[in-house]
Peer 1: 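I am attaching a structure below and will ask some questions about it afterwards.
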Amino acid sequence: MADRQDPGGGFEAARRTIELAEAVRADPALPRAALAELLARHGERPEELAPEVFTEADADELRAAVRRMAEVLAETDEDRAAGAINALLEECATRPRLTRHDGHPWHLHVDRGDGAQWGDWFLASGALALAQLLTGHGRLAWGACAAAGCGRLYLGTGTGSARRHCTPACATRARVAAHRRRKRAAGTGPGEREEPGPGVSSPRAP
C-alpha cells in the first residue's frame with residue numbers, strides 16, 4: 001500500500017479518507033471488490049489489490065478502520081478532533097520519515113511500511129492528512145454537512161469562512177429553510193402575506 005506524494009498538504013489523502021468513509025457509511029458491508037476499486041482510484045497498485053493480497057479479512061479490517069475515522073471526520077469541536085487525531089497517530093503511526101517511491105519526490109510517511117496492516121495504514125495516513133489540513137488552515141477543513149437530512153462528509157479547504165455544507169445546493173436549501181423558520185417565528189405563516197417594504201408595490205388582488 002502506497003501513499004502518493006501529496007503536494008496539497010494532505011488534501012489528496014484526506015479526499016481518499018473521506019470518499020472511503022462516505023462509501024462505508026452508505027454501505028457498512030461494502031464488498032472487498034468495491035473497496036479495492038476505490039483504493040485503485042487513489043493510486044494503489046493493482047498487484048496490491050489482488051484478492052490474494054488484499055483479502056476479505058483485510059477488507060473487514062479496513063471497513064472497521066474507516067468507521068473509526070468517520071467519527072473523527074464528523075467531529076465539530078476543533079480541540080476534540082485534534083485529540084482524536086493525536087490518539088490515532090500515537091496508536092497507528094511510526095515515527096515520521098521521508099521516503100520516495102514510484103517516481104515521486106521525497107514526501108512524509110507515518111505508516112508502518114510494507115508490513116502495515118490495512119487498518120493501521122488507513123488510520124495513520126488519514127490522521128496525518130487531517131493533521132496537515134488542521135495546521136495548514138488553522139481550523140477544521142472538513143466536516144459533515146449541516147443541511148437537514150444530509151450529513152454527507154466534505155472537505156472545505158478554500159479561503160474565507162469555514163464551510164458547513166457539502167455542496168452549494170445543500171447550502172441554498174439550508175438558507176431557505178432558515179429563512180422560513182425566521183418568518184414563522186416572526187408570525188408570518190405560510191398563508192399570510194408580508195407587508196411590502198418601502199418602494200415595493202403590493203401585488204394586485206385577483
Side-chain angles (χ1 to χ4, degrees), residues 1-44 49 54 58-59 61-78 80-89 91-93 107-111 116 118-171 174:
M1 59 205 71
D3 273 339
R4 292 178 296 165
Q5 194 266 345
D6 191 354
F11 180 84
E12 290 300 326
R15 186 168 64 177
R16 176 192 64 206
T17 301
I18 282 181
E19 286 189 16
L20 278 157
E22 273 298 302
V24 172
R25 288 171 93 200
D27 181 2
L30 191 69
R32 188 209 70 83
L35 285 168
E37 183 180 341
L38 274 169
L39 291 167
R41 290 210 301 266
H42 287 279
E44 295 304 312
L49 299 171
F54 178 52
D58 292 327
E61 180 187 325
L62 181 58
R63 281 189 291 265
V66 170
R67 286 191 288 271
R68 284 186 64 186
M69 184 61 77
E71 296 178 3
V72 180
L73 292 167
E75 176 59 67
T76 59
D77 182 84
E78 187 176 293
R80 287 198 296 267
I85 291 168
N86 279 338
L88 290 177
L89 290 171
E91 176 186 345
C92 303
H107 57 283
L108 188 66
H109 269 201
V110 294
D111 62 59
W118 282 92
D120 280 353
W121 163 78
F122 178 78
L123 292 171
S125 59
L128 175 63
L130 297 185
Q132 288 177 295
L133 292 180
L134 179 56
T135 54
H137 292 270
R139 57 171 171 78
L140 296 181
W142 63 86
C145 183
C150 184
R152 185 178 178 83
L153 298 171
Y154 63 87
L155 282 177
T157 55
T159 58
S161 59
R163 278 177 56 183
R164 298 183 62 247
H165 304 96
C166 63
T167 63
C170 270

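Residue numbers run from 1 in the order of the sequence given.
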Peer 1: Verify the neighbour count for atom CZ of R25: are there more than 12 heavy atoms of other residues, nucleotides or ligands below 6.0 Å?
Peer 2: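 Yes - once you tally the heavy atoms of other residues, nucleotides and ligands closer than 6.0 Å, there are more than 12.
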Peer 1: For T17 versus G126, what's the shortest heavy-atom pair and its separation?
Peer 2: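 Minimum heavy-atom contact is OG1-CA, 3.6 Å.
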Peer 1: Return the OH to NE2 distance between Y154 and H165, rounded to the nearest 0.5 Å.
Peer 2: 7.5 Å
Peer 1: Checking side-chain contact (heavy atoms from CB on, under 4.5 Å) against L38, which of L20, L62, V24 comes through?
Peer 2: L20
Peer 1: Taking R68 for the side chain and L123 for the main chain, is one N or O donor matched with an acceptor at less than 3.5 Å?
Peer 2: no
Peer 1: Looking at I85 and A127, what are the two nearest heavy atoms and their distance?
Peer 2: CG2-O, 3.5 Å
Peer 1: Would you check, one step at a time, whether the test side-chain contact (heavy atoms from CB on, under 4.5 Å) holds for E19 with R41?
Peer 2: CA-CA 10 Å; E19 286 189 16; R41 290 210 301 266; 4.0 Å; yes
Peer 1: Using a strict threshold of under 4.0 Å (side-chain N to carboxylate O), is an ion pair present between E37 and R32?
Peer 2: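 Result for this pair is no, no salt bridge flagged.
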Peer 1: T167: which residues meet the side chain to side chain contact (heavy atoms under 4.5 Å, CB included) condition with it, sequence neighbours left out?
Peer 2: A169, C170
Peer 1: Taking all atoms of both residues into account, what is the closest heavy-atom pair of L49 and A36, and its distance?
Peer 2: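 For L49 versus A36, the nearest heavy atoms are CD1-O, 3.4 Å.
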Peer 1: Got L153 and W142 here, is their nearest side-chain heavy-atom distance under 4.5 Å?
Peer 2: no
Peer 1: The criterion is side chain to side chain contact (heavy atoms under 4.5 Å, CB included); which residues satisfy it with E71, sequence neighbours excluded?
Peer 2: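 Expected list: none.
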Peer 1: Do any N or O atoms from the side chain of E44 and from the backbone of L39 form a donor-acceptor pair under 3.5 angstrom?
Peer 2: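 Here the side-chain-to-backbone pair does not exist.
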Peer 1: Go through L73 and I18 one step at a time and tell me if the side-chain contact (heavy atoms from CB on, under 4.5 Å) criterion holds.
Peer 2: CA-CA 8 Å; L73 292 167; I18 282 181; 3.9 Å; yes
Peer 1: Got a donor-acceptor contact below 3.5 angstrom from the E22 side chain to the R152 backbone?
Peer 2: no
Peer 1: What pair of heavy atoms forms the shortest contact from A14 to L155, and how long is it?
Peer 2: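 Nearest pair, atom of A14 first, then L155: CB-CD2, 3.9 Å.
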Peer 1: Going from OG on S125 to CG on D120, what distance comes out if it is rounded to the nearest 0.5 angstrom?
Peer 2: 10.5 Å
Peer 1: Of all heavy-atom pairs between A21 and V66, which one has the smallest distance, and what is that distance?
Peer 2: CA-CG1, 3.4 Å
Peer 1: Of all the heavy-atom pairs spanning A129 and A13, show the shortest one and how long it is.
Peer 2: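 Heavy atoms of A129 and A13 come nearest at CB-CB, 3.6 Å.
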Peer 1: Between E78 and R139, is the closest basic N to carboxylate O distance under 4.0 Å?
Peer 2: no
Peer 1: To the nearest 0.5 Å, what is the distance between SG (C92) and CH2 (W121)?
Peer 2: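 Between C92 SG and W121 CH2, I get 12.5 Å after rounding to 0.5 Å.
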Peer 1: Do W118 and F54 have their ring centres less than 6.0 Å from each other?
Peer 2: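 Yes; F54 has its ring centre under 6.0 Å from that of W118.
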